[in-house]
There are 2 protein chains.
Amino acid sequence: MTDTLREPTFLILTALAARPQHGYGILRDVEEISSGRVRLRAGTLYTALDRMSSDGWVAIDREEVVDGRLRRYYRLTDLGAARLATEVERMRANTRAAEQRLRARPIGGTA
Amino acid sequence: MTDTLREPTFLILTALAARPQHGYGILRDVEEISSGRVRLRAGTLYTALDRMSSDGWVAIDREEVVDGRLRRYYRLTDLGAARLATEVERMRANTRAAEQRLRARPIGGTA
DNA sequence: GCATATATGTCGATCATCGGTATATACCGT
DNA sequence: ACGGTATATACCGATGATCGACATATATGC
């Protein structure tokens, strides 16, 4: 519970915070959340979902078959939501500290 | 320039944003910045300083000898400050997105 | 016939960080 | 005299999340 989340993990949890979604939907959502900056690799996504499932952060919500293709929907658990909230607090504290110090820094001349 | 910073790297840059500091001073400062949460390993610190030196994010400011012990002071370069500022913006955007979605999420009943 | 979108998955490689260890000096309490 | 803690820098093997590439399958558009 103590360790920091990497960006892909963070964004997957964020995507699922909105609503249950299936893998490919998460892929699209993460891209939208990050304004196109982050494009998850399939390997990253499914490895992360497996890991977070066994950690109890996400759970399989339901499975559907659309056009002969499987859609496995995941949802955020309360534990996962709490983990995400903790991470948000940590990031807030860190950004606050960094901004404060960057503002105090003399501009230029230190190249 | 695109990849995300890990917390130790982020906090080392933040520590140096305030003023030039030597290794052990950074160790103490990072602990203070993070309210005692993050205690950098010596290996992490010096490996990171070497890496960031070759990336041009930090530079050796000066060297002193105090009580027969070497003190190597590092300072943040303009490039390093820019990199930190970029990272702060990224984290701000991510926390904003996560908070928005966590607030919209129905509380409880999804364990 | 070929590219693209949808959809899930495996596998080897990379790399920052962790945890432990090494090396020194100085100070404090017992 | 001895042990513990603080100061100070540095190396090294292990870990683990992510990357990049590949595999498989269906549907749609050109």
Side-chain angles (χ1 to χ4, degrees), chain A residues 1-13 15-16 20-32 34 36-55 57-58 60-74 83-84 87 90 94, chain B residues 1-13 15 20-32 34 36-55 57-58 60-74 83 87 90 94:
Chain A
M1 189 91 104
T2 335
D3 212 34
T4 80
L5 262 37
R6 302 274 218 292
E7 191 171 41
T9 302
F10 181 89
L11 292 174
I12 291 167
L13 289 176
L16 289 176
Q21 293 191 81
H22 59 97
Y24 199 80
I26 295 172
L27 236 49
R28 292 275 146 264
D29 201 13
V30 164
E31 197 178 341
E32 200 194 311
S34 66
R37 191 173 45 81
V38 180
R39 291 191 176 196
L40 256 40
R41 309 285 141 182
T44 305
L45 175 71
Y46 294 106
T47 304
L49 285 172
D50 285 346
R51 175 170 31 89
M52 292 194 265
S53 286
S54 63
D55 285 346
W57 298 359
V58 304
I60 294 173
D61 193 62
R62 66 186 187 278
E63 287 177 352
E64 288 176 7
V65 176
V66 179
D67 290 329
R69 275 183 243 108
L70 179 68
R71 273 190 186 173
R72 206 190 312 274
Y73 281 80
Y74 290 87
R83 183 63 191 83
L84 182 58
E87 189 69 7
R90 189 187 63 77
N94 283 355
Chain B
M1 190 92 102
T2 335
D3 212 35
T4 81
L5 261 37
R6 303 274 218 291
E7 191 171 42
T9 302
F10 181 89
L11 292 175
I12 291 167
L13 289 177
Q21 291 192 83
H22 59 96
Y24 200 80
I26 296 171
L27 236 49
R28 293 275 148 264
D29 201 13
V30 163
E31 197 177 343
E32 201 195 310
S34 67
R37 189 171 47 79
V38 181
R39 291 190 176 198
L40 255 41
R41 308 288 141 184
T44 305
L45 175 70
Y46 294 105
T47 305
L49 285 174
D50 285 347
R51 175 170 29 90
M52 291 194 265
S53 285
S54 64
D55 286 346
W57 297 359
V58 303
I60 295 173
D61 193 61
R62 66 186 187 277
E63 287 179 350
E64 288 175 7
V65 176
V66 180
D67 290 327
R69 275 184 242 105
L70 179 68
R71 272 190 186 173
R72 206 192 308 275
Y73 282 80
Y74 290 87
R83 183 62 190 83
E87 189 68 9
R90 188 187 64 76
N94 283 355

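Just so you know, these numbers use all the heavy atoms, side chains as well, and skip hydrogens, waters and symmetry mates. Everything numeric here is computed off the predicted structure, so don't read it as measured data. By convention in this document, chain letters (A, B, ...) are assigned in the order of the sequence lines, proteins followed by strands, and residues within each chain are numbered from 1.
For R72(A), taking side-chain heavy atoms from C-beta onward, the closest of the listed nucleotides dT18(D), dA7(C), dG9(C) is dG9(C).
Atom CG in L11(A) sits roughly 10 Å away from atom P in dT18(D) (whole-Å rounding). Atom CG in D67(A) sits about 10 Å away from atom C1' in dT28(D), given to the nearest Å. Between the CG atom of D55(B) and the P atom of dC15(C) there is a distance of 12 Å, rounded to whole Å. Rounded to an integer number of Å, the gap from E63(A) CD to dG9(C) P is 9 Å. With rounding to whole Å, R37(B) atom CZ is found 11 Å from dC18(C) atom P. Taking atom CD1 of residue I12(B) and atom C1' of nucleotide dA16(C), one finds them 11 Å apart after rounding to whole Å. In this structure, the CG atom of L40(B) is 16 Å from the C1' atom of dG20(C), given to the nearest Å. Taking atom CG on L27(A) and atom C1' on dT4(C), their separation rounds to 15 Å, with Å as the unit.
Looking only at side-chain heavy atoms (C-beta outward), N94(B) and E7(A) come within less than 4.5 Å of each other. Using a 4.5 Å cut-off on side-chain heavy atoms (C-beta onward), I60(A) and Y74(A) make contact.
Heavy-atom minimum distance, L45(B) versus G23(B): CD2-O, 3.3 Å.
Side-chain to base pairing of R69(B) with dT7(D): one donor and one acceptor N or O lie within less than 3.5 Å of each other.
Within the structure, every side-chain polar atom (N or O) of R39(A) is placed at least 4.0 Å from both OP1 and OP2 of dC19(D). Here R71(A) reaches the OP1 or OP2 of dA7(C): one of its side-chain N or O atoms lies under 4.0 Å away. Checking the phosphate oxygens (OP1, OP2) of dA17(D), no side-chain nitrogen or oxygen of R6(A) falls inside 4.0 Å. For Y46(A) and dG9(C), the shortest distance from a side-chain N or O to OP1 or OP2 is not below 4.0 Å. For T9(A), a side-chain nitrogen or oxygen approaches OP1 or OP2 of dT18(D) to under 4.0 Å. Within the structure, every side-chain polar atom (N or O) of R51(B) is placed at least 4.0 Å from both OP1 and OP2 of dC15(C).
Annotation: of the two residues near DNA chain C, L70(A) and T47(B), the 5′-most nearest-nucleotide partner is L70(A). Comparing R28(B) and A42(B) by the nucleotide of DNA chain D that holds the closest heavy atom to each, the one mapping nearer the 5' end is R28(B). Of the two residues near DNA chain D, V66(B) and D50(B), the one whose nearest nucleotide lies more 5' is V66(B).
Within 4.0 Å of G43(A), counting heavy atoms only, lies at least one base atom of the nucleic acid.
Listed for the S54(A) side chain is a donor-acceptor partner under 3.5 Å among the backbone atoms of R51(A).
Residue Y24(A) forms a side chain to side chain donor-acceptor pair (under 3.5 Å) with just one option from R28(A), H22(A), Q21(A), and that option is R28(A).
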